[in-house]
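Computed over heavy atoms, backbone and side chain alike; hydrogens, waters and symmetry mates excluded. By convention in this document, chain letters (A, B, ...) are assigned in the order of the sequence lines, proteins followed by strands, and residues within each chain are numbered from 1.
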Amino acid sequence: MSSERTELAELVLDVADQVPPGRVTTYGLVAEAVRGATGHGHPRHVGTVMASYGGEVPWWRVVRADGTLPRQLRERALERYLAEGTPLTPLVPVRVDLERAVWDAPTQWRLPLADPRA
DNA sequence: GTGCTGACACAGG
DNA sequence: ACCTGTGCCAGCA
(Lines give C-alpha, C1' and ligand atoms only; values in the text may rest on other atoms or scores of the structure.)
Protein backbone atom coordinates (compact mmCIF):
# COMPACT_ATOMS: atom_id res chain seq x y z
CA MET A 1 0.00 0.00 0.00
CA SER A 2 1.39 3.28 -1.02
CA SER A 3 1.68 6.04 1.49
CA GLU A 4 1.87 9.74 0.86
CA ARG A 5 4.69 9.89 3.33
CA THR A 6 7.16 7.09 3.45
CA GLU A 7 6.70 4.08 5.64
CA LEU A 8 9.65 5.33 7.59
CA ALA A 9 8.00 8.67 8.23
CA GLU A 10 4.81 7.01 9.43
CA LEU A 11 6.68 4.96 11.99
CA VAL A 12 8.75 7.87 13.19
CA LEU A 13 5.61 9.95 13.71
CA ASP A 14 3.96 7.02 15.45
CA VAL A 15 6.77 6.66 17.94
CA ALA A 16 6.95 10.38 18.58
CA ASP A 17 3.23 10.44 19.19
CA GLN A 18 3.53 7.71 21.83
CA VAL A 19 5.94 9.58 24.06
CA PRO A 20 4.12 10.37 27.30
CA PRO A 21 3.92 13.94 28.63
CA GLY A 22 6.82 14.85 30.85
CA ARG A 23 9.03 12.31 29.14
CA VAL A 24 11.23 12.47 26.07
CA THR A 25 13.01 10.17 23.69
CA THR A 26 15.96 10.76 21.44
CA TYR A 27 16.45 10.72 17.69
CA GLY A 28 18.72 7.77 18.15
CA LEU A 29 16.21 5.74 20.14
CA VAL A 30 13.43 6.48 17.68
CA ALA A 31 15.72 5.47 14.85
CA GLU A 32 16.54 2.30 16.72
CA ALA A 33 12.88 1.45 17.20
CA VAL A 34 12.06 2.15 13.58
CA ARG A 35 15.08 0.19 12.48
CA GLY A 36 13.86 -2.81 14.44
CA ALA A 37 10.57 -2.69 12.58
CA THR A 38 11.72 -1.83 9.10
CA GLY A 39 15.39 -2.58 8.99
CA HIS A 40 15.96 1.01 8.00
CA GLY A 41 16.23 4.21 9.93
CA HIS A 42 18.97 6.41 11.28
CA PRO A 43 18.93 9.43 13.56
CA ARG A 44 19.40 11.66 10.55
CA HIS A 45 16.24 10.36 8.95
CA VAL A 46 14.30 10.88 12.13
CA GLY A 47 15.41 14.48 12.11
CA THR A 48 14.36 14.86 8.50
CA VAL A 49 10.93 13.42 9.18
CA MET A 50 10.44 15.61 12.23
CA ALA A 51 11.42 18.67 10.25
CA SER A 52 8.74 17.91 7.69
CA TYR A 53 5.89 16.52 9.77
CA GLY A 54 6.94 17.39 13.32
CA GLY A 55 4.00 19.73 13.64
CA GLU A 56 1.67 16.75 13.76
CA VAL A 57 3.26 15.27 16.85
CA PRO A 58 4.75 16.43 20.18
CA TRP A 59 8.06 17.30 18.54
CA TRP A 60 9.52 18.75 21.74
CA ARG A 61 9.55 15.23 23.20
CA VAL A 62 12.15 14.14 20.69
CA VAL A 63 15.53 15.51 21.65
CA ARG A 64 19.16 15.05 20.78
CA ALA A 65 21.36 12.46 22.48
CA ASP A 66 22.60 14.92 25.11
CA GLY A 67 19.17 16.26 25.97
CA THR A 68 19.38 19.45 23.97
CA LEU A 69 17.40 20.69 21.01
CA PRO A 70 18.25 22.79 18.00
CA ARG A 71 18.74 26.43 18.92
CA GLN A 72 15.71 27.71 17.12
CA LEU A 73 13.49 25.24 18.92
CA ARG A 74 15.19 25.39 22.31
CA GLU A 75 13.17 28.27 23.70
CA ARG A 76 9.88 27.03 22.34
CA ALA A 77 10.51 23.55 23.73
CA LEU A 78 11.44 24.95 27.12
CA GLU A 79 7.95 26.34 27.51
CA ARG A 80 6.52 22.89 26.91
CA TYR A 81 8.86 21.27 29.40
CA LEU A 82 7.95 23.72 32.11
CA ALA A 83 4.27 23.20 31.33
CA GLU A 84 4.38 19.40 31.57
CA GLY A 85 7.02 19.12 34.24
CA THR A 86 9.71 17.49 32.20
CA PRO A 87 12.86 16.94 34.29
CA LEU A 88 15.45 19.53 33.39
CA THR A 89 19.03 19.94 34.49
CA PRO A 90 19.61 22.72 37.02
CA LEU A 91 22.67 23.79 35.11
CA VAL A 92 22.91 26.04 32.09
CA PRO A 93 22.35 25.70 29.30
CA VAL A 94 19.06 24.15 30.29
CA ARG A 95 18.57 20.75 28.81
CA VAL A 96 16.34 17.76 29.44
CA ASP A 97 17.57 15.50 32.22
CA LEU A 98 17.70 12.38 30.11
CA GLU A 99 18.51 10.15 33.05
CA ARG A 100 15.08 10.88 34.47
CA ALA A 101 13.01 11.77 31.44
CA VAL A 102 14.12 9.42 28.70
CA TRP A 103 11.45 7.14 27.35
CA ASP A 104 13.06 4.24 25.61
CA ALA A 105 10.76 3.58 22.68
CA PRO A 106 12.25 0.19 21.76
CA THR A 107 11.70 -1.04 25.29
CA GLN A 108 8.54 0.74 26.38
CA TRP A 109 6.70 0.48 23.14
CA ARG A 110 7.42 -2.76 21.33
CA LEU A 111 7.22 -2.22 17.64
CA PRO A 112 6.09 -5.06 15.40
CA LEU A 113 9.47 -6.53 14.69
CA ALA A 114 10.09 -8.46 11.53
CA ASP A 115 10.86 -11.46 13.69
CA PRO A 116 9.76 -11.13 17.34
CA ARG A 117 11.62 -14.27 18.32
CA ALA A 118 14.92 -13.22 16.89
C1' DG B 1 21.85 9.31 -12.40
C1' DT B 2 24.64 12.90 -9.51
C1' DG B 3 25.24 15.83 -5.83
C1' DC B 4 23.74 18.61 -1.80
C1' DT B 5 21.07 19.06 2.32
C1' DG B 6 19.74 17.86 6.95
C1' DA B 7 15.28 19.35 13.96
C1' DC B 8 21.65 13.66 14.12
C1' DA B 9 25.64 11.10 16.77
C1' DC B 10 30.19 11.18 18.15
C1' DA B 11 35.06 12.61 18.62
C1' DG B 12 38.31 16.62 18.74
C1' DG B 13 39.95 21.21 19.25
C1' DA C 1 30.16 26.30 25.69
C1' DC C 2 31.26 26.68 20.87
C1' DC C 3 32.57 25.09 16.11
C1' DT C 4 34.45 21.49 12.72
C1' DG C 5 34.91 17.22 10.59
C1' DT C 6 33.32 12.44 9.65
C1' DG C 7 29.85 8.70 9.13
C1' DC C 8 25.36 7.83 8.15
C1' DC C 9 21.36 7.55 4.48
C1' DA C 10 16.52 9.19 2.76
C1' DG C 11 14.66 12.97 0.12
C1' DC C 12 14.91 16.38 -3.22
C1' DA C 13 16.79 19.62 -7.03
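- At least one donor-acceptor pair closer than 3.5 Å links the side chain of T25(A) to the backbone N or O of W103(A).
- In this structure, the CG atom of L8(A) is 19 Å from the P atom of dG6(B), given to the nearest Å.
- L13(A) pairs with exactly one of V49(A), L8(A), V30(A) by the side-chain contact (heavy atoms from CB on, under 4.5 Å) rule, that one being V49(A).
- Counting all heavy atoms, side chain and backbone alike, W60(A) lies closest to Y81(A) at O-OH, 2.6 Å.
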Return the polar atom pairs (N/O with N/O) between nucleotides 11-13 of chain B and the protein under 3.5 Å, or none.
none

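- At distances below 3.5 Å, at least one donor-acceptor pair connects side-chain atoms of R23(A) with backbone N or O atoms of A101(A).
- The side-chain contact (heavy atoms from CB on, under 4.5 Å) test with V24(A) singles out one residue from V62(A), V96(A), L29(A), L69(A), and that residue is V96(A).
- Here the side chain of R61(A) pairs a donor or acceptor atom with the backbone of V19(A) at under 3.5 angstrom.
- Side-chain atoms of Y53(A) never come within 3.5 Å of backbone atoms of V12(A) as a donor-acceptor pair (strictly under, hydrogens ignored).
- The shortest non-hydrogen separation linking P58(A) to D17(A) is CD-OD1, 3.7 Å.
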Between protein and nucleotides 7-9 of chain B, what N or O pairs are separated by less than 3.5 Å?
unit_1, atom_1, unit_2, atom_2, d
dA7(B), N6, M50(A), O, 3.1
dA7(B), N3, Y27(A), OH, 3.2
dC8(B), N3, R44(A), NH1, 3.0
dC8(B), N4, R44(A), NH1, 2.2
dC8(B), N4, R44(A), NH2, 2.5
dA9(B), OP1, A65(A), N, 3.1
dA9(B), OP2, A65(A), N, 3.2

